[in-house]
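Since we're looking at a predicted model, the values are computed, not measured. Throughout, numbering of the chain's residues begins at 1 and tracks the sequence.
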Amino acid sequence: MTFSFSLHGIGVSQGVAIGRAHLVSHAMLEVSHYMIEPGQEQAEIHRLERAVQEVRYELKVLRAEMAAEDRFGEMEAFIDVHETLLNDEILTDNVKTYIAERGCNAEWALVQQLDTWVAQFEKFEDPYLRERKFDVMQIVERIVKRLMGRPGALPKSDDEAHMILVAHDLSPADLLQFKHHHFAAFVTDLGGATSHTAIVARGLGIPALVGARHARQLLRDGELVIVDGACGTVIVNPDHAILSEYRKLQQAQEARQEALKTLKRRRPRTRDGIEVSLLANIESSDDLDKVRASGAQGIGLFRSEFLYLNQETLPDEDMQFEAYRCVVEGMEGRPVTLRTLDLGSDKIRGGINSLARVAPNPAMGLRAIRLCFAEQPLFMTQLRAILRASAYGKIKMLVPMLSGGDEIRPLLAAVEEAKRRLDEEGVAFDRALEIGAMIEVPSAALTLGSFLKQLDFLSIGTNDLTQYLLAVDRTDEAVSHLYNPTHPAMLRLLSHILKRANQAEVPISLCGEMADDPKMTWLLLGLGLRQFSMPAAGLLAIKERVLSANVGVLQKAVARIVRVEEPEKIKALIEKLNRG
């Protein structure tokens with residue numbers, strides 16, 4: 001007997017999806033403990049060995065797929081480490097002994113041994129060595145899934161379009177794999193509105209819900225599920241009336257998407273003749289088809305840090321160069337704004353031992369440009385790769401987390417040194433490469449003069465700017481409700497930044513999540529923004545808002561909103577603004 005119920009979370013990518021739940025989780029949490037029949041110990045050991053062989057084949061297939069798609073560099077180290085672990089007899093010998101001595105099932109023996117291995121890794125003083133426990137956990141999970149009769153990789157079938165993934169959590173690296181599938185939606189227990197999971201979900205253009213608490217425990221494989229990204233709701237086993245209503249909404253959603261496609265070739269110009277630039281955010285060359293389909297005028301944010309995820313060794317200069325060149329050539333002359341590494345040392349595994357450290361507060365620690373200044377060889381490798389790629393098309397370099405004008409001089413000096421070295425080697429590059437800064441630290445926003453004088457362009461990162469300004473960790477569920485990009489202090493700071501940049505005639509864009517929210521478009525136009533950068537999936541909806549805007553009217557209304565000090569009143573005034 002089935003019954004209907006609903007769950008609530010944070011809708012991070014709008015739309016309606018109807019499909020069957022596919023549970024993606026930590027298999028170790030579901031392992032049963034049972035005793036095998038006496039005399040069957042060797043058969044159970046053979047079952048373990050067969051599962052290990054199946055995982056070896058699974059990794060072999062994954063390796064072949066990545067190589068065929070010219071994305072091998074991103075996964076090579078990941079596969080190498082897991083294959084090495086599989087080939088290490090220590091991994092299975094203790095488990096076999098456990099099965100033989102205790103007469104228990106292989107899954108349980110593996111999980112018990114995993115606890116021992118993790119405890120041993122956690123004793124290491126070296127943070128890099130401590131982190132190796134995650135590799136062991138991942139490979140054990142793959143073996144356990146095989147023992148339980150589940151595929152270790154994401155499902156690939158003709159019915160993907162009607163499959164809704166339900167997981168405890170998903171990392172950005174997990175989501176990179178999603179780009180090769182066409183799932184209807186996904187739901188996670190954890191996550192916030194501006195987490196990396198949410199950002200990539202919007203890039204995929206599918207309905208998604210995060211922070212749904214115990215969804216993974218409450219849902220079962222194959223249950224009929226409705227995901228409403230706009231309302232932040234999951235409806236499980238809906239009755240006929242609800243299902244019929246949502247199917248109508250889904251049809252209307254599909255019709256709207258088709259209608260938006262007619263705007264692809266329209267110039268993004270407001271009703272009163274103001275030209276607006278609409279650019280796309282990407283993580284890799286895999287996103288280019290969506291960018292072209294959206295009619296984007298260029299790439300406003302290429303997140304280069306995705307090249308560094310899941311790597312045991314840092315990507316070398318040639319690997320980075322090829323990735324950047326692929327994107328710039330794919331854009332066929334349209335500009336590509338490439339952001340330099342925006343990760344903290346806590347996120348990079350391997351390569352340089354000094355990078356493997358545990359940051360007490362990663363958001364404010366050794367990350368982004370600070371990490372690049374601290375590790376000059378790391379930065380020089382990326383600068384050389386960017387400059388080399390600039391010979392193949394229009395590249396602009398965007399630098400994250402500059403906190404003041406005193407950091408601009410060493411930045412420019414590093415770029416000049418990279419140019420000098422390439423000149424000595426006779427390597428071509430764009431000598432007029434434009435260099436810009438992310439304005440995402442309040443101190444940068446309040447000392448904007450130095451940036452305007454020394455750099456070619458700016459880009460506002462509202463996600464970090466909001467969390468730093470309000471002292472709210474946007475990834476912490478306990479305080480994420482306080483994260484508010486329309487807080488009166490935030491609106492005043494945005495108004496200040498845009499006014500100063502426009503007066504100085506320095507190009508400025510906004511690439512935070514506000515740019516992707518149609519409810520924010522008119523507000524931002526009224527504040528003076530003329531260049532938006534967002535996931536390609538949402539670009540046409542933003543263009544529709546631009547085409548219907550009258551900037552002259554919006555500027556007067558927004559000027560009044562900026563003077564208001566009560567957040568709730570601001571919210572009401574923005575709703576009124578959007579009603580026209």
Side-chain angles (χ1 to χ4, degrees), residues 14 193-194 230 268-278 439-449 451-452 458-472 474 480-534 538 541-580:
Q14 295 195 10
T194 57
R269 179 189 290 170
T270 65
R271 284 164 49 200
D272 51 344
I274 303 297
E275 294 284 347
V276 176
S277 180
L278 300 181
I439 303 300
E440 54 188 344
V441 180
S443 59
L446 295 172
T447 57
L448 206 61
F451 293 81
L452 296 172
L458 303 174
S459 183
I460 307 172
T462 52
N463 298 351
D464 275 340
L465 185 59
T466 302
Q467 78 163 346
Y468 292 142
L469 183 65
L470 302 184
V472 173
R474 57 193 173 99
S480 60
H481 64 284
L482 298 173
Y483 178 89
N484 177 15
T486 60
H487 187 282
M490 184 63 183
L491 291 187
R492 290 179 187 182
L493 194 57
L494 283 176
S495 177
H496 163 77
I497 296 167
L498 290 166
K499 187 177 294 183
R500 289 290 308 277
N502 290 335
Q503 286 173 346
E505 298 184 343
V506 172
I508 183 166
S509 66
L510 190 148
C511 61
E513 294 307 299
M514 286 181 79
D516 188 39
D517 186 348
K519 297 189 295 294
M520 296 290 108
T521 306
W522 283 8
L523 173 72
L524 293 171
L525 286 170
L527 285 169
L529 183 67
R530 300 293 178 262
Q531 192 172 105
F532 296 69
S533 189
M534 71 213 76
I542 301 300
K543 182 181 281 191
E544 182 183 50
R545 295 292 289 166
V546 169
L547 293 170
S548 62
N550 185 317
V551 171
V553 173
L554 292 175
Q555 286 175 328
K556 295 175 183 176
V558 170
R560 291 192 291 270
I561 293 174
V562 171
R563 291 195 293 268
V564 175
E565 295 189 350
E566 298 82 11
E568 285 302 314
K569 188 173 181 181
I570 287 175
K571 181 180 177 181
L573 288 172
I574 292 173
E575 290 174 357
K576 181 180 178 182
L577 180 77
N578 286 325
R579 290 195 296 268

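You'll find the side chain of Ile460 reaches within 4.5 Å of the side chain of Leu498, heavy atoms only. Side chains of Pro567 and Pro488 form a contact here, defined as non-hydrogen atoms less than 4.5 Å apart. Between Val558 and Leu523, some side-chain heavy-atom pair lies under the 4.5 Å cut-off. A 4.5 Å side-chain heavy-atom check between Leu554 and Thr270 finds every atom pair outside the cut-off. Residues Leu446 and Leu493 meet the side-chain proximity criterion, which asks for heavy atoms closer than 4.5 Å. By the 4.5 Å heavy-atom criterion applied to side chains, Thr462 and Pro485 are not counted as neighbours. A 4.5 Å side-chain heavy-atom check between Leu527 and Met520 finds every atom pair outside the cut-off. Side-chain contact between Leu448 and Leu458 is present, with at least one heavy-atom pair separated by less than 4.5 Å.
Counting all heavy atoms, side chain and backbone alike, Phe451 lies closest to Ala444 at CZ-CB, 3.6 Å. Between Ser509 and Leu529 the shortest heavy-atom distance is C-CD1, 4.0 Å. Glu275 and Arg530 make their closest contact through O-CD, 4.1 Å (heavy atoms, listed as atom of the first residue, atom of the second, distance). Minimum heavy-atom separation, Ile497 to Ala445: CD1-CB, 3.7 Å. Listed here is the closest heavy atom pair of Gly552 and Asp272: N-OD2, 3.0 Å. Nearest heavy atom pair, residue Arg269 against residue Leu547, reads O-CD2, 3.4 Å.
For Glu505, the CD atom counts as loosely surrounded, since its 6.0 Å shell holds 12 or fewer non-hydrogen atoms of other residues, nucleotides or ligands. The environment of CD in Glu575 is crowded: more than 12 heavy-atom neighbours from other residues, nucleotides or ligands sit within 6.0 Å.
One distance of note links NZ of Lys543 with CZ of Phe532; it measures 13.0 Å at 0.5 Å rounding. In this structure, CD1 in Ile439 is found 10.5 Å from SG in Cys511, a value given to the nearest 0.5 Å. Between the CG atom of Asp516 and the CG atom of Leu510 there is a distance of 11.0 Å, given to the nearest 0.5 Å. For the atom pair CG of Leu524 and CD1 of Ile542, the computed distance is 9.0 Å after rounding to the nearest 0.5 Å. Rounding to the nearest 0.5 Å gives a distance of 15.0 Å between NZ of Lys571 and CD of Glu566. Here CG of Asn463 is found 10.0 Å from CE of Met514. Values are rounded to the nearest 0.5 Å.
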Would you sort out whether Thr521 and Val546 count as a side-chain contact (heavy atoms from CB on, under 4.5 Å), showing the intermediate values?
-> CA-CA 7 Å; Thr521 306; Val546 169; 4.0 Å; yes
Kindly determine whether Leu525 and Ile274 satisfy side-chain contact (heavy atoms from CB on, under 4.5 Å), including the steps that lead there.
-> CA-CA 10 Å; Leu525 286 170; Ile274 303 297; over 6 Å; no
Check step by step if side-chain contact (heavy atoms from CB on, under 4.5 Å) holds for Ile570 and His487.
-> CA-CA 8 Å; Ile570 287 175; His487 187 282; over 6 Å; no
Kindly indicate, with the supporting measurements, whether the criterion side-chain contact (heavy atoms from CB on, under 4.5 Å) is fulfilled by Gln467 and Glu440.
-> CA-CA 9 Å; Gln467 78 163 346; Glu440 54 188 344; over 6 Å; no
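Inspection of the Arg545 and Asn578 side chains reveals an N or O donor paired with an N or O acceptor under 3.5 Å.
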